[in-house]
S.K.: 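Dropping a structure here in structure tokens format, bear with me for questions.
Computed from a predicted structure; not experimentally measured. Along the sequence shown, residues are numbered consecutively beginning with 1. Values below: all heavy atoms of this structure, side chains included; hydrogens, waters and symmetry mates excluded.
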Amino acid sequence: MRITVVGTGYVGLVTGACLAHTGHDVTCIDTQPERVAAVNQGQPPFHEPGLAEIMSTALRHGRLRASASTAEAVAASDITILAVGTPSREGAIDLSALSAAAAAVGRGLSGCSSYHVVVVKSTVVPGTTDTVVRGIIERTCGLAASSFGIAMNPEFLREGSAVADFMDPDRIVIGQWDERSGQSVAALYQAFDCPKLFTTLRNAEMIKYASNALLATLVSFSNEFASLCEATPGTDVEEVLNGLHLDRRLSPMKDGQRTAPGILSYLRAGCGFGGSCLPKDVSALRDFARRQGISPRLLDAVSAINDARPAQLIELAEDAIGSLQGSSIAVLGLAFKPGTDDLRESPALAIIEHLKRKGADVRAYDPLVCAVPGIRVCGSAIQAVTGADAAIIATAWPEFALLDWTALSAMMRRPVLIDGRNALRDATLSKTVECIPIGRYFTQEGAAFAS
Ligand code: NAD
């Protein structure tokens with residue numbers, strides 16, 4: 001099929017490159033000329049394992065290209081996927097990029113003689129596809145829906161494993177305006193062997209929010225227990241959650257072995273969820289619920305618990321070293337999670353803000369992030385921790401557990417390590433390092449409670 005993907009970000013580019021990889025002919029559209037140029041040169045504009053390889057193969061075979069001209073690409077294709085950003089504006093979903101993209105698609109459709117399907121892949125609140133997007137396209141192209149198709153196909157990929165997730169999805173959800181629209185989207189995914197759920201446009205939109213709301217809830221649930229354990233002598237959130245994971249409904253047995261489903265990684269304590277999806281999707285859903293006359297009490301609590309995490313980590317640091325005024329703190333990890341260079345809504349940035357407000361001098365290090373405006377980013381963990389009064393792990397990069405903490409702590413002014421992700425729980429640390437994990441009770445004297 002000839003496909004146009006509007007929005008060449010994490011979702012759009014991965015979608016475009018993967019669909020080209022499965023044999024489709026794909027044009028990726030973006031309003032940023034440098035992004036268009038980078039894609040045409042085979043350079044992914046962000047870090048994503050495996051993306052450069054499939055882009056380069058698809059470009060070489062002439063199955064992938066990028067352009068800035070939406071209408072032209074739409075007129076020359078069979079199906080258009082909208083994958084532009086839907087950020088949060090004052091807690092509500094901001095549809096300005098999606099509306100602009102839909103208008104451009106509508107202009108392209110007026111020059112289209114054959115049947116064309118418009119697929120919303122961006123995460124949007126229920127009703128957006130069949131009201132906002134349909135309305136804009138109908139007004140711009142002068143045709144009524146059904147003479148063109150409409151579908152909603154939410155995306156579940158995770159940054160850091162986006163290509164693998166896209167190529168091997170758990171399920172493909174296809175919300176359809178009518179059967180013909182849905183069948184066109186199914187043809188797009190002919191090469192994919194996974195359950196395909198055909199449903200209404202609004203169910204498809206809601207499924208995406210239900211998925212992200214569940215993940216966010218599990219994180220805040222775990223962090224609630226972290227706070228509880230920090231206040232309860234003789235408890236440790238890691239042990240508590242490990243015990244929880246052993247419930248066979250969470251970790252079923254397969255061939256006599258205990259499995260560890262991916263969902264368990266959300267049942268872990270840390271400094272909170274971040275990224276371009278969970279925080280803004282929970283906010284958009286809460287706003288949507290209120291507009292529906294529903295008070296989203298659970299999701300309000302999920303957000304409140306998450307918003308409080310960075311400050312709670314700062315309290316751990318203050319308990320360990322006293323006032324942060326004039327202190328030197330190393331923050332290890334900037335990305336919102338390991339495996340990506342995405343800083344959007346990263347808890348690390350909120351932690352750094354808190355530290356600065358408390359008068360601390362902050363230096364940071366991240367394996368993939370070299371520069372952030374307003375933050376002193378060092379080239380190595382050693383550089384960041386040298387002379388520091390404390391180091392805070394804000395992203396669970398596996399390499400942090402492999403660092404020689406005995407040597408590093410010798411370079412610090414005080415060998416205090418706040419493990420904001422419990423990333424070093426399994427590492428062997430010498431007694432010279434004072435490691436303070438999340439969710440463990442410490443006595444007034446700073447010793448872990450021994451029962
Ligand atoms: P992104 O910010 O990485 O990319 C969006 C791209 O769209 C940008 O390159 C931007 O320049 C471009 N754009 C904006 N307006 C445009 C227009 N009118 N025409 C053409 N291009 C335009 O966003 P993303 O992370 O890829 O997310 C896209 C959507 O997918 C969002 O709704 C998001 O919630 C959803 N989603 C994201 C992820 C994720 O992990 N990032 C996962 C699932 C779903």
Side-chain angles (χ1 to χ4, degrees), residues 214-247 250-251 260-275 278-279 298 301-321 324 329-333 336-338 346-348 350-352 354-355 390-398 400-401 405 415-429 431 433-451:
L214 174 65
L215 300 179
T217 302
L218 294 181
V219 174
S220 282
F221 169 89
S222 308
N223 285 332
E224 180 109 299
F225 274 91
S227 300
L228 205 48
C229 288
E230 278 161 24
T232 309
T235 63
D236 176 349
V237 75
E238 286 293 307
E239 294 267 334
V240 171
L241 293 174
N242 284 343
L244 184 74
H245 290 184
L246 288 173
D247 184 323
L250 291 170
S251 55
I263 194 86
L264 296 184
S265 66
Y266 294 85
L267 276 168
R268 283 284 172 212
C271 50
F273 58 79
L278 295 193
L298 174 66
V302 166
S303 289
I305 290 167
N306 199 57
D307 292 347
R309 290 311 291 168
Q312 283 171 325
L313 212 64
I314 303 302
E315 276 175 34
L316 285 183
E318 284 175 325
D319 287 347
I321 66 167
L324 298 175
I329 308 290
V331 173
L332 299 181
F336 83 93
K337 66 171 185 177
S346 174
I351 290 166
I352 291 172
H354 279 282
L355 288 169
I392 298 179
I393 295 185
T395 312
W397 281 103
F400 292 159
W405 280 104
V416 174
L417 176 62
I418 316 284
D419 187 359
R421 294 286 183 185
N422 282 352
L424 302 188
R425 277 301 187 99
D426 298 328
T428 317
L429 296 176
K431 292 223 181 316
V433 189
E434 189 190 336
C435 182
I436 299 162
I438 290 281
R440 192 189 292 170
Y441 179 85
F442 280 84
T443 62
Q444 289 295 316
E445 294 72 42
F449 178 90
S451 52

S.K.: Do Leu278 and Phe273 touch side chain to side chain, with heavy atoms closer than 4.5 Å?
M.R.: yes
S.K.: Just by distance, do the side chain of Asp419 and the backbone of Leu424 share a donor-acceptor pair under 3.5 Å?
M.R.: yes
S.K.: Is there side-chain contact between Ile418 and Ile393, with at least one heavy-atom pair below 4.5 Å?
M.R.: no
S.K.: Would you call Leu267 and Phe221 a side-chain contact if the rule is heavy atoms closer than 4.5 Å?
M.R.: yes
S.K.: Is the side chain of Thr395 donor-acceptor paired with the backbone N or O of Trp397 at a distance under 3.5 Å, no angle test?
M.R.: no
S.K.: Taking side chain as C-beta onward, heavy atoms only, is Leu324 less than 4.5 Å from Glu318?
M.R.: yes
S.K.: Does the side chain of Ser222 reach to within under 4.5 Å of the side chain of Leu241, using non-hydrogen atoms?
M.R.: yes
S.K.: For Glu230 and Gly439, indicate whether the former's side chain and the latter's backbone hold a donor-acceptor pair under 3.5 Å.
M.R.: yes
S.K.: Heavy-atom distance under 4.5 Å between the side chains of Ile329 and Ile321, does that happen here?
M.R.: yes
S.K.: Would you indicate whether the side-chain heavy atoms of Pro261 and Leu250 approach each other to under 4.5 Å?
M.R.: no
S.K.: If you count the non-hydrogen atoms of other residues, nucleotides and ligands that lie under 6.0 Å from CD in Glu224, is the total more than 12?
M.R.: no
S.K.: Could you check whether any side-chain N or O of Asn306 sits under 3.5 Å from a backbone N or O of Val302, counting only pairs where one atom can act as donor and the other as acceptor?
M.R.: no
S.K.: Could you pull out the closest heavy-atom pair between Val237 and Ile438, with the gap in Å?
M.R.: CG1-O, 3.5 Å
S.K.: May I ask you to decide if Gly270's main-chain N or O and Arg421's side chain share a donor-acceptor pair within less than 3.5 Å?
M.R.: no
S.K.: Do Ser265 and Lys337 make a side-chain contact, defined as non-hydrogen atoms from C-beta onward lying under 4.5 Å apart?
M.R.: no
S.K.: Take atom CG in Asp247; do more than 12 heavy atoms of anything else shown fall under 6.0 Å from it?
M.R.: yes
S.K.: How long is the straight-line distance from OH of Tyr266 back to CG of Leu214, given to the nearest 0.5 Å?
M.R.: 10.0 Å
S.K.: For residues Asn223 and Arg268, is any side-chain donor paired with an opposing acceptor at under 3.5 Å?
M.R.: no
S.K.: Specify the closest pair of heavy atoms between Pro398 and Pro338, including all atoms of both residues, with the distance to one decimal.
M.R.: CD-CB, 4.2 Å
S.K.: Hey, is the main chain of His245 close enough, under 3.5 Å, to the side chain of Ser251 for a donor-acceptor pair?
M.R.: yes
S.K.: At what distance, to the nearest 0.5 angstrom, does CG of Leu215 lie from CD1 of Ile263?
M.R.: 5.0 Å
S.K.: Would you mind checking if Arg425 and Asp236 are paired as a salt bridge, meaning a charged N to carboxylate O distance below 4.0 Å?
M.R.: yes
